[in-house]
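As structure tokens, the structure follows; a few thoughts come after it.
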Amino acid sequence: MSQPEIHILNTPDDLFHEAATEFVSLARDAVQSKGKFTVALSGGSTPKSLYTLLASGTIPKIPWDKIYFFFGDERHVPPDHPESNYRMAYEALLSKIPQPHVFRVPTEEKDADAAARAYEQSIRKFFDLKPGEIPRFNLVLLGLGPDGHTASLFPGSSALQEQTRLVVANWVEKFKTYRITITLPVLNHAACDMFLVSGADKATIVHEVLENPQADLPSQKVHPEDGRLVWLLDRAAAGALSPVTTSRGSRSPA
Ligand code: 6PG
């Protein structure tokens with residue numbers, strides 16, 4: 001189990017440039033070695049600036065035709081709904097790429113569990129998995145919620161116990177709705193799990209997750225068995241971290 005790599009960037013702009021640099025270098029390496037790059041996109045508001053930067057054309061030679069986009073989690077709303085993670089990613093990035101390879105959660109499916117099972121099947125088919133096998137994404141992008149949730153693995157929710165399914169419909173009591181989310185076995189089988197966290201409103205939870213092992217939060221359960229665990233934080237989100245952690249993590253964008 002790898003030690004978390006904690007990188008603290010001065011500004012949100014530096015943060016997203018660092019994330020874009022990591023994304024592109026991982027994509028190039030994977031395409032060079034395996035001919036394709038598989039990435040699970042995160043939702044919420046934070047990654048939108050990364051997606052916009054990747055689509056901006058300012059970063060040369062991104063192997064778009066060899067990148068396969070999946071989603072780490074999705075709200076159980078239609079793909080054109082304002083809360084749809086797919087819609088956010090489509091508008092900021094996927095609609096600006098020539099022929100993107102996109103595997104989205106079929107949220108048209110009224111039954112959330114049926115949508116989760118269908119998505120699991122599309123992942124199993126794409127990775128050509130045998131029963132019991134788990135896909136190894138090259139990169140899983142993750143956010144951090146104020147309660148310590150990541151993807152749609154919320155504190156106290158049933159999905160946290162899942163050990164065999166790749167994707168489940170997870171009832172989120174506080175939102176009184178289902179979310180469709182990849183599970184911990186998938187997160188912990190990835191080659192790289194990368195958290196992207198920005199803003200002072202996340203400082204307390206970042207401190208809890210990275211410096212309070214007793215907190216027992218969902219995002220603390222993300223530990224790739226044989227992969228990188230990367231935390232990209234801007235200075236504001238790192239505001240409550242101890243000098244030991246911040247001194248270890250401070251860097252300027254590559
Ligand atoms: C979602 C996300 C979720 C998100 C966090 C942080 O569908 O909402 O996947 O896990 O990453 O809630 O959200 P913000 O980036 O909006 O703070």
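When a ligand or atom number is given, it counts from 1 through the structure's own listing order.
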message = Can you tell whether the side chains of Arg104 and Glu74 come within less than 4.0 Å, N to carboxylate O?
response = no
Using residues 44-51 as the side-chain source, report each donor-acceptor pair under 3.5 Å to any protein atom, sequence neighbours left out, with the distance given to one decimal.
{"residue": "Tyr51", "atom": "OH", "partner": "Ser42", "partner atom": "N", "Å": "3.0"}
{"residue": "Tyr51", "atom": "OH", "partner": "Ser42", "partner atom": "O", "Å": "2.7"}

Just let me know how [X] lines up against ligand 1, side chain, backbone, both or neither, with a heavy-atom cut-off below 4.0 Å.
X: Asn85; result: side chain
X: Ser42; result: neither
X: Glu74; result: neither

Which residue and heavy atom of the protein sit nearest [atom], plus the separation:
atom: atom 14 (P) of ligand 1; value: Ser45 OG, 3.4 Å
atom: atom 2 (C) of ligand 1; value: Asp73 OD2, 3.5 Å
atom: atom 15 (O) of ligand 1; value: Thr46 OG1, 2.5 Å
atom: atom 17 (O) of ligand 1; value: Lys202 NZ, 2.6 Å
atom: atom 5 (C) of ligand 1; value: His149 NE2, 3.4 Å
atom: atom 11 (O) of ligand 1; value: Gly143 CA, 3.3 Å
atom: atom 13 (O) of ligand 1; value: Gly44 CA, 4.0 Å
atom: atom 6 (C) of ligand 1; value: Leu144 O, 3.6 Å

task = Enumerate the residue pairs fulfilling salt bridge (charged side-chain N to carboxylate O under 4.0 Å, His left out) with a member in residues 23-38, sequence neighbours excluded, ordered by first and then second residue.
result =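 Applying salt bridge (charged side-chain N to carboxylate O under 4.0 Å, His left out) to every pair that reaches into residues 23-38, excluding sequence neighbours, yields nothing.
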inquiry  = What verdict does the side chain to side chain contact (heavy atoms under 4.5 Å, CB included) test give for Ile67 and His101, after you've listed the backbone C-alpha separation in whole Å, the side-chain angles of each residue and the deciding distance to 0.1 Å?
reply    = CA-CA 7 Å; Ile67 300 181; His101 308 293; 5.9 Å; no
key: Any donor-acceptor N/O pair, Lys202 side chain to Gly145 backbone, under 3.5 Å   =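 It does not hold such a pair.
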message = Angle between ring planes, Phe126 versus Phe70, binned at 30° and 60°: parallel, tilted or perpendicular?
response =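 Rings of Phe126 and Phe70: perpendicular, as their planes differ by over 60°.
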Proximal atoms of ligand 1 relative to [X] (non-hydrogen, under 4.0 Å):
X: Arg75; value: 1 (C), 7 (O), 8 (O)
X: Ala151; value: 2 (C), 3 (C), 9 (O), 10 (O)
X: Arg179; value: 1 (C), 7 (O), 8 (O)

request  = Treat each ILVMFWY residue as a node, draw an edge where side-chain heavy atoms are under 4.5 Å apart, and state whether Val168 and Tyr178 are in one component.
outcome  =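 No; Tyr178 is not reachable from Val168 via cluster members.
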inquiry  = As an exercise, state the distance from CZ of Arg75 to OG of Ser152, rounded to the nearest 0.5 Å.
reply    = 7.0 Å
query = If we ignore angles and hydrogens, is there a donor and acceptor under 3.5 Å between the side chains of Thr107 and Glu109?
reply =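 Looking only at side-chain atoms, Glu109 and Thr107 do not form any donor-acceptor pair under 3.5 Å.
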